[in-house]
Trainee: 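Here's a structure for you.
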Amino acid sequence: MERFDYRRPGDAATAVRTVAADPSAVFLGGGTNLVDHLKLGITAPGLVVDVTSLTSAELAEHRGGLRIGAAVRNSDLAADDRVRRRYPVLAQALLAGASGQLRNMATTGGNPLQRTRCVYFQDVTTPCNKREPGSGCSAIGGYNRYHAVLGASPHCIATHPSDLAVALTALDAEVQVLGPAGERTIPFGELHRLPGDRPDRDTVLEHGELITAIDLPEAPIAANSAYRKVRDRASYAFALVSVAAAIEVEQGVVRDSRIAFGGVAHKPWRAHRAEAVLRDAPANETTFREAAEAELADAVAVDGIDGGNGFKLPLLTRTLAATLRDLTGETA
Amino acid sequence: MTPRAIGMDLARRDGPAKVTGTATYAAETAVDRPAYCHPVQATIARGRVTRLDTAAAEALPGVLAVLTEANAERLASTEDGELAVLQSPEVAFRGQLIGCVVAETSETARQAADLVEVAYAEEDHETELTAEGEYDAETTGNVEAAFAEADVVVDQTYTTAMYHNNPMEPHATTALWQDGTLTLWESTQGVHPTRSTVAEVFGLDTERIRVVCPYVGGGFGSKGLPHANVVLAAMAARALPGRPVKLTVTRPQMFSLTGYRTPTIQRARLAADRTGRLSALAFDVAEQTSKVKEFAEQSGKPSRTMYAAPNRRVAHRLAALDVPVTSWMRAPGECPGMFGPEVAMDELADALGMDPIELRIRNDPAEDPESGKPFSSRHLAGCLRTGAERFGWAERGPRREGRWLVGRGVAASVYPVNRMPESTAVIRFSGGRYTVDIGAADLGTGTWTTLPQIAADALGVPVDRVEVRIGDTDYPNASVAGGSSGMITWGSAVVDAARAFREKFGDQPGDGDEAEGSVSENPDSERFAMSAFGAQFAEARVHADTGEVRVPRMHGVFAVGRVINPRTTRSQLTGGMLMGLSMALHEQSVLDPRFGHVVNHDLAEYHVAANADAGQLTAEWLDEHDPHVNAMGAKGVGEIGIVGAAAAVVNAVHRATGVRVRDLPVTLDKLLPGLSPERAL
């Protein structure tokens, strides 16, 4: 760990100006990921700017939906009655993530910005294009059980670890950002990038841009929603695959749906193709499977230690079918 | 010796100190002006260091010393290759120590360690264990003929993964070299064995070394033998005389420096007639060892004594690879060695259409098949029958509950009764109280509480009049807490000291009266084979869609002689079972053969069972009386709880799903191909 300066400015605008002016500066939220990285030598900022008290820690009604202040802790967000009632997928995703202690620290603004848990990214003694562009991707041909089957590139097959972000993607949330040039709004589904040839860039945020709030739109469909996370132990593990789903069925026919996948791509994966298959189709096992298979049409599994990640394809199909079956009351 | 205190359900004496945070662990030792040591580790798996530039590290403010092979002291003994720290530029495995930084703060030491520039001449390395190669076989009877003539044969290959001990407290040392004397506050399973090892490595008289360790936050074998980090900490302290140096091994560093269990590839063959009588048993195990220090896990050992097969073959292959040093992990030998055979027994029961409990009882030998000696006590059948009743074996499934497939499995356990050759206790009377001094260890096992129980009965006094002082080489010599031998060995020394004390001073001792006693060989071990036995039961639920495995219930029934303290015993047994569950479902050190190191080297990626994975986990024991094992009538309980547990889980998963997984851990990807979501029951 290297020495760094620590500052706690009086307001968000000052924090943004401070970070924007210093290429080695970073924002500090709950610290549940950044502090690990400082210890592991993954990052060595010269300046850490604490923003935990500079953005709202409130949840407020907003245009029929909810505005979540960036400083709202994950545990508070999961416990909020409005969230539990109107967006159960979001509460479930939060509770499926990390541990109680970590959820008490992690913030709404920081959680989507956590970085991949790829073991090679986290091990500075191995090559990693995300950590050190041009050095190579050790996960290809290595331990890639947790890695991407959708949207990966020859430069990076890492997955995004956040559960919250998968739910927000399905819910068409919007990200409120304050930057040196002012405010802007980013659709949540466009916040994260695919790796391409720049896997070092996780999101479209520019240096110095700060997430100040996340807006949930009004979404009656979300009242019938769920998050299903499949993992290697019953708690405190990252997703092998996860499904965030909301669905509306009328007389046995799917009218509308919102589907996103976690654990399969460099970003939370909005399953537009699956949604298209579901629309106006009979709400049954066959449709659910066809929806998953349509989304996975371009999926690519990679070989690796203990067989690689090919198991994710059937697993995702089965998990989506199981999740939609539960939401629609269909029996197999 | 009449058991009065023995058998009492006493709470841990060290409990209040631990839960209030006042129990001091090695790294927390209060010393003046501590310096901090951070290792520099090799980033190649094999070769040599050609250049080590420490200038940038030394220039960092706060750095006190940088040790490398070039300036480190020459050790008196390099016989133990693991402990020959900084003695040669050769690199034998990735993560090996090639230097260290000592600084005013741990952060500075860590930063400076990163600034050490290293160049290597790298050589090809081999880190992957295979089954092919030479085996050392021990054979009784005519195994191949028995297989040729058998009605039913099971011939399968099973694998266990590489496993790392992950105690809550990482390995840690506070070391002080002052006035020619070395003091080590060390997290260890044996202060005296650590002292003798360090004395030999540095060429010091044992009187010039003191090792102190009142509390250990778990060891499971990884703190049984001192590892390279202890030598490095002592070296760093000797480089800074008068200045205490702290070295806490980080979690990732533990994966290359503090030992682990070898992976195994096990071919298990069973031959039986239609009635289930075994005619032959053959067990071939491939294992690995580091090239710097040979350690051979004795996985074939339990199959020699477990079942009455007249024709037996046990074979080991030990592959020397460019890997970190293998070492002790809870029940070395028995734990991996009872996986393959106990799953094979389940497969044989299936092939015969027989209850696996009945199959085991039918092959329960009257005497030890290996030595021909009678067992001092052997209640395997009782454990199996009692457990079957308690666990509801008759309703073992398979059945379906919603989307969950449910089944129950069983496996047997065994662990030998071990006694170490050396340990001494001194009993002193003062102010109406007895004090027992012995350098024993309590690694969470309960020694602080159970030794007084033994002493009280041996002295014939109430237990609250006895206190013990342990965990310090200032007390008499004690053996390592290993091989489930601690309580047997130290307890025997305490009983001997109490006998001597009573002979000398009777029931009315005076202030200052003192007597000493030691453990001696057990004459009965010539006449009897001695082991503890047990039966493990598990219920598995497997999700029909996703293949997720949950184990809501496990129950173990053990025959472990007389139980000293039900509370600490239950804790040891269920702790072992939980570790076995963890082995069955989660644990796996993933060694990337391209680099040569374990890449999932932290608790987020190396999964141990979390609270949510542990369901109803219970253990009980039979009322076993064994007059031959020792004066207490007790068998060790530290390890038997893990033995057989993983096999019971795998057998339960098979019962639930019809899918037989032979490679641990049982992860969902191994179940999915055989798991139709519509599996009808």
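Numbered from 1 within each chain, the chains take letters A, B, ... in sequence-line order.
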Trainee: Roughly how far apart are Y120(A) OH and F595(B) CZ, rounded to 0.5 Å?
Mentor: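 Answer for the OH-CZ pair, Y120(A) versus F595(B), is 6.0 Å.
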
Trainee: Please identify, among R228(A), K39(A), K312(A), the residue contributing the most non-hydrogen atom pairs under 4.5 Å to chain B.
Mentor: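 Ranked by heavy-atom pairs under 4.5 Å with chain B, first place is R228(A).
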
Trainee: Say whether, by atom type as modelled, one donor and one acceptor occur between the side chain of H586(B) and the main chain of R233(A) under 3.5 angstrom.
Mentor: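 Side chain of H586(B) to backbone of R233(A), a donor-acceptor pair under 3.5 Å: no, none is there.
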
Trainee: What part of L60(B) is in contact with chain A, defined as an atom under 4.5 angstrom from a non-hydrogen atom: side chain, backbone, both or neither?
Mentor: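 Answer is neither: L60(B) stays 4.5 Å or more from chain A.
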
Trainee: Heavy atoms only: give me the nearest R594(B)-I140(A) pair and the separation to one decimal.
Mentor: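 Taking R594(B) first and I140(A) second, the nearest heavy atoms are NH1-O, 3.2 Å.
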
Trainee: Please name the pair of heavy atoms, one in D613(B) and one in A234(A), separated by the smallest distance, quoted to 0.1 Å.
Mentor: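 Scanning both residues completely, I find the closest heavy atoms to be OD1-N, 2.8 Å.
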
Trainee: Can you check whether I305(A) reaches P593(B) side chain to side chain, under 4.5 Å on heavy atoms?
Mentor: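 I305(A) vs P593(B): side chains touch.
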
Trainee: For D114(B) and E2(A): C-alpha separation, side-chain torsions, deciding distance, then whether side-chain contact (heavy atoms from CB on, under 4.5 Å) applies.
Mentor: CA-CA 10 Å; D114(B) 289 341; E2(A) 295 182 25; over 6 Å; no

Trainee: Quick check on Q41(B) against chain A: is it the side chain, the backbone, both or neither that has a heavy atom closer than 4.5 Å?
Mentor: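 Contact with chain A involves no heavy atom of Q41(B) at all.
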
Trainee: Measure L591(B) against the heavy atoms of chain A and call it side chain, backbone, both or neither at under 4.5 Å.
Mentor: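 Backbone of L591(B) only, per the 4.5 Å heavy-atom cut-off to chain A.
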
Trainee: Counting heavy-atom pairs under 4.5 Å to chain A, which of T43(B), V608(B), L115(B) comes out on top?
Mentor: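 Top option by heavy-atom pairs under 4.5 Å: V608(B).
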
Trainee: Spell out, as yes or no, whether a donor-acceptor pair under 3.5 Å connects the side chain of D592(B) to the backbone of G142(A).
Mentor: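 No.
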
Trainee: Please classify the contact of V599(B) with chain A as side chain, backbone, both or neither, using a heavy-atom distance under 4.5 Å.
Mentor: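 Answer is both: backbone and side chain atoms of V599(B) are under 4.5 Å from chain A.
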
Trainee: Test your reading of the model: is there a side-chain donor-acceptor pair from R3(A) to the backbone of E107(B), 3.5 Å cut-off?
Mentor: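 Absent.
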
Trainee: So which residue, L603(B), L585(B), N611(B), V590(B), ends up with the most heavy-atom pairs under 4.5 Å with chain A?
Mentor: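 Ranked by contacts with chain A, first place is V590(B).
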
Trainee: So for L316(A), is it side chain, backbone, both, or neither that comes closer than 4.5 Å to the heavy atoms of chain B?
Mentor: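 Neither the backbone nor the side chain of L316(A) comes within 4.5 Å of chain B.
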
Trainee: Which answer fits T546(B), side chain, backbone, both or neither, if we ask what part of it has an atom under 4.5 Å from a heavy atom of chain A?
Mentor: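 Both parts, heavy atoms under 4.5 Å.
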
Trainee: Would you please classify the geometry between the Y146(A) ring and the H607(B) ring as parallel, tilted or perpendicular, with 30° and 60° separating the classes?
Mentor: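 It falls in the perpendicular class, over 60°.
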
Trainee: Looking only at atom types and distance, does a side-chain atom of R318(A) sit under 3.5 Å from a main-chain N or O of D545(B), one as donor and one as acceptor?
Mentor: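 Side chain of R318(A) to backbone of D545(B), a donor-acceptor pair under 3.5 Å: yes, one is there.
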
Trainee: Below 4.0 angstrom, N of the basic side chain to O of the carboxylate: do D669(B) and R145(A) qualify?
Mentor: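 Salt bridge: yes.
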
Trainee: Please determine, by modelled atom types, if D602(B) and Q122(A) share a side-chain donor-acceptor pair under 3.5 angstrom.
Mentor: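 D602(B) vs Q122(A): no donor-acceptor pair found between side chains.
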
Trainee: Less than 4.5 Å to any heavy atom of chain A: does that hold for the side chain of V549(B), its backbone, both, or neither?
Mentor: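 Neither; nothing under 4.5 Å.
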
